Amino acid sequence: MKFPCNPLFMLFLVVALLFLVRAVLIKTGLIFLTKKWWRAIGDYFHVYQSFKVPQFNESMQDNQLYRKISVYLQSLTSMEDSDFTNLFAGKKSNEIVLRLEPNQVIDDFFLGTRLSWKNEINFDSTISRAFVLKIRKADKRRILRPYLQHIHTVADELDQKKRELKMYMNIESEQQQNQNGRWKYLPFNHPSTFETIAMESDLKNKLKSDLDSFLKAKQYYHRLGRVWKRSYLLYGPSGTGKSSFVAAMANFLEYNVYDIDLSKVTDDSDLRMLLLQTTSKSVIVVEDLDRFLLDKITGVSLSGVLNFMDGILNSCCAEEKIMVFTMSNKDLIDPAILRPGRIDVHIHFPLCDFSAFKTLANSYLGLKDHKLFPQVEEIFQTGASLSPAEIGELMIANRNSPSRALKSVITALQTEGECRGSANIGRPRNSTDVTGDHSGIFENVNAIKDIRKLYGLIRLKSNRKSPPSDMGSGQKDVR
């Protein structure tokens with residue numbers, strides 16, 4: 001039997017044959033076996049060197065490199081393409097984590113070189129775990145250090161993306177638990193951001209720029225021989241947004257928060273121990289420091305506070321920390337606490353002005369402008385003022401009617417102005433009237449006092465004006 005010798009027909013037969021062979025190889029896994037045999041032949045002609053990374057160091061403490069390699073390997077595409085991979089639910093909803101089987105091997109490629117990782121687990125008297133890196137000896141000097149640095153960078157980026165912020169609070173020393181030390185924590189989900197806080201836009205931008213510069217300044221601080229930390233003083237009457245600002249800082253930096261309650265600290269040694277148990281990438285907060293020191297309701301001495309702020313202990317702890325201290329009135333505090341080196345930036349939180357009011361109206365009521373805004377501005381110009389917390393509560397109480405909310409603020413400001421006028425001889429009294437429907441408005445002094453009592457908004461009447469500037473001596477006083 002003769003077959004036609006048409007070239008097109010022969011080409012068709014060759015293509016069909018190749019397609020059939022490819023289909024058979026894929027269906028039966030022969031391609032995979034061929035690659036495996038070819039790799040084994042290549043490995044026979046090369047010399048390899050192995051590096052073991054155990055889970056624990058000699059002191060039985062966690063080996064951070066092991067943890068970072070684990071995070072890095074979970075991100076590799078070769079993990080997804082491997083023959084067998086364990087699937088686990090992550091901490092976040094809908095998160096899936098890939099993990100290797102005991103003694104499973106996967107490949108990675110870096111700078112054109114193939115490397116392999118083995119998840120080595122020995123089940124002897126005690127279970128020991130380690131990752132074993134296998135690399136060609138000829139490539140070791142060229143890629144080993146850059147490859148390990150690459151693992152550090154990728155793992156840090158992945159950790160930052162998956163990191164859940166925590167809020168730590170110190171507990172009484174007699175309640176100490178060995179597994180948790182002096183700190184207990186809960187998820188930090190505070191919604192405050194630099195966009196939501198009522199603060200002058202230029203000041204916000206300066207503070208964001210200052211924090212951003214701090215994040216990039218590790219080498220700079222080390223070149224100066226200084227610990228990589230920065231400290232802020234937030235001072236002003238209660239209800240002016242100091243705590244919300246701390247939350248905004250933590251969210252901006254993506255740092256955990258350590259909130260130290262000095263009433264639960266027994267002495268200076270106890271305070272030092274709390275500092276030692278904090279970690280890097282954290283905001284350490286001490287609120288109402290002036291109240292604790294002036295009223296002597298803590299066992300910590302002034303010397304203990306000074307050492308906590310800038311003592312040698314800071315250099316022994318993890319770096320990359322922000323320290324924040326809040327006060328109502330810094331003029332009553334020992335100047336030694338406020339000197340440069342202990343406090344880097346002073347930020348004054350005044351009572352609300354018209355600019356801050358507009359920010360609050362936009363956040364609470366969705367108002368960028370309103371026909372009552374000029375009247376509100378006029379009252380602010382007479383010197384009347386409330387704290388952002390007081391104004392915010394009035395807006396929340398009347399949030400279903402923006403006009404009624406603004407009228408309630410106007411009435412409260414007028415009442416405040418009248419109180420200031422009667423308490424301060426020689427100051428002009430506010431005579432602005434509110435027109436229109438006044439239903440639902442807090443119209444008398446008692447109502448305003450009730451709100452303040454309910455939310456603990458205690459304000460210092462003697463500090464209506466900003467204190468004198470502290471810009472000298474290398475400090476920043478931001479207002």
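All values derive from a computational prediction rather than experimental measurement.
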List the atom of [X], the atom of [Y], and the distance in Å for their closest heavy-atom pair.
| X | Y | answer |
| --- | --- | --- |
| G239 | S387 | O-CB, 3.5 Å |
| L294 | L332 | CD2-O, 3.7 Å |
| L351 | S385 | CB-OG, 3.3 Å |
| L262 | L271 | CD2-CD1, 4.2 Å |
| M395 | L360 | SD-O, 3.8 Å |
| T240 | P237 | OG1-O, 2.6 Å |

Only residue of N170, T278, T279 satisfying side-chain hydrogen bond (donor to acceptor under 3.5 Å, both in side chains) with Y258 is T279
Side-chain donor/acceptor of [X] to backbone N/O of [Y], under 3.5 Å:
| X | Y | answer |
| --- | --- | --- |
| R399 | I396 | yes |
| T196 | S192 | no |
| S70 | Y66 | no |
| S209 | N205 | no |
| R129 | P54 | no |
| Q277 | L274 | no |
| D212 | K208 | no |
| N398 | L394 | yes |
| N256 | K166 | yes |
| N251 | H190 | yes |

Chi angles and distances behind the side-chain contact (heavy atoms from CB on, under 4.5 Å) call for I260, F325:
CA-CA 10 Å; I260 298 181; F325 304 91; over 6 Å; no
Pairing donors with acceptors under 3.5 angstrom, does anything connect the side chains of D344 and S231?
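There is such a pair between these side chains.
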Under 3.5 Å, is there a donor-acceptor pair between the D108 and Y147 side chains?
yes
Which value, rounded to the nearest 0.5 Å, describes the distance between [X] atom [atom1] and [Y] atom [atom2]?
| X | Y | atom1 | atom2 | answer |
| --- | --- | --- | --- | --- |
| L73 | I151 | CG | CD1 | 7.0 Å |
| I322 | Y232 | CD1 | OH | 5.0 Å |
| I337 | F308 | CD1 | CZ | 12.0 Å |
| M323 | R342 | CE | CZ | 11.5 Å |

Start with the C-alpha gap between Q219 and L224, add the side-chain angles, then the distance that decides, and say whether side-chain contact (heavy atoms from CB on, under 4.5 Å) holds.
CA-CA 9 Å; Q219 298 303 324; L224 294 177; over 6 Å; no
Under the criterion side chain to side chain donor-acceptor pair (under 3.5 Å), I'd like the reasoning laid out for E200 against S355: C-alpha separation, chi angles, the key distance, then a yes or no.
CA-CA 7 Å; E200 186 181 280; S355 176; 5.9 Å; no
Go through the steps for D261 and M169 under the test side-chain contact (heavy atoms from CB on, under 4.5 Å), then give the verdict.
CA-CA 7 Å; D261 184 353; M169 296 164 288; over 6 Å; no
Begin with the C-alpha distance, continue with both residues' side-chain angles, and end with the deciding distance and a verdict on side-chain contact (heavy atoms from CB on, under 4.5 Å) for L144 and L133.
CA-CA 10 Å; L144 181 59; L133 171 63; 3.9 Å; yes
Fit a plane to each ring of F194 and F245, take the angle between them on a 0 to 90° scale, and name the class: parallel (under 30°), tilted (30 to 60°) or perpendicular (over 60°).
perpendicular
Within a strict 4.5 Å, meaning less than it, do heavy atoms of the [X] and [Y] side chains meet?
| X | Y | result |
| --- | --- | --- |
| V300 | D267 | no |
| L165 | V257 | no |
| H346 | L338 | yes |

Ring centroids only, cut at 6.0 angstrom: are [X] and [Y] within range, meaning strictly under it?
| X | Y | result |
| --- | --- | --- |
| F357 | F373 | yes |
| F214 | W228 | yes |
| H150 | Y72 | yes |
| Y235 | F349 | no |

State whether [X] and [Y] are salt-bridged, where the test is any N-O pair (Lys NZ or Arg NE/NH1/NH2 against Asp/Glu carboxylate O) under 4.0 Å.
| X | Y | result |
| --- | --- | --- |
| R272 | D268 | no |
| E320 | R230 | no |
| D156 | K68 | yes |
| R339 | D310 | yes |

State whether the number of non-hydrogen atoms from other residues, nucleotides or ligands found under 6.0 Å of R226 atom CZ is greater than 12.
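No, the 6.0 Å shell around CZ holds no more than 12 heavy atoms from other groups.
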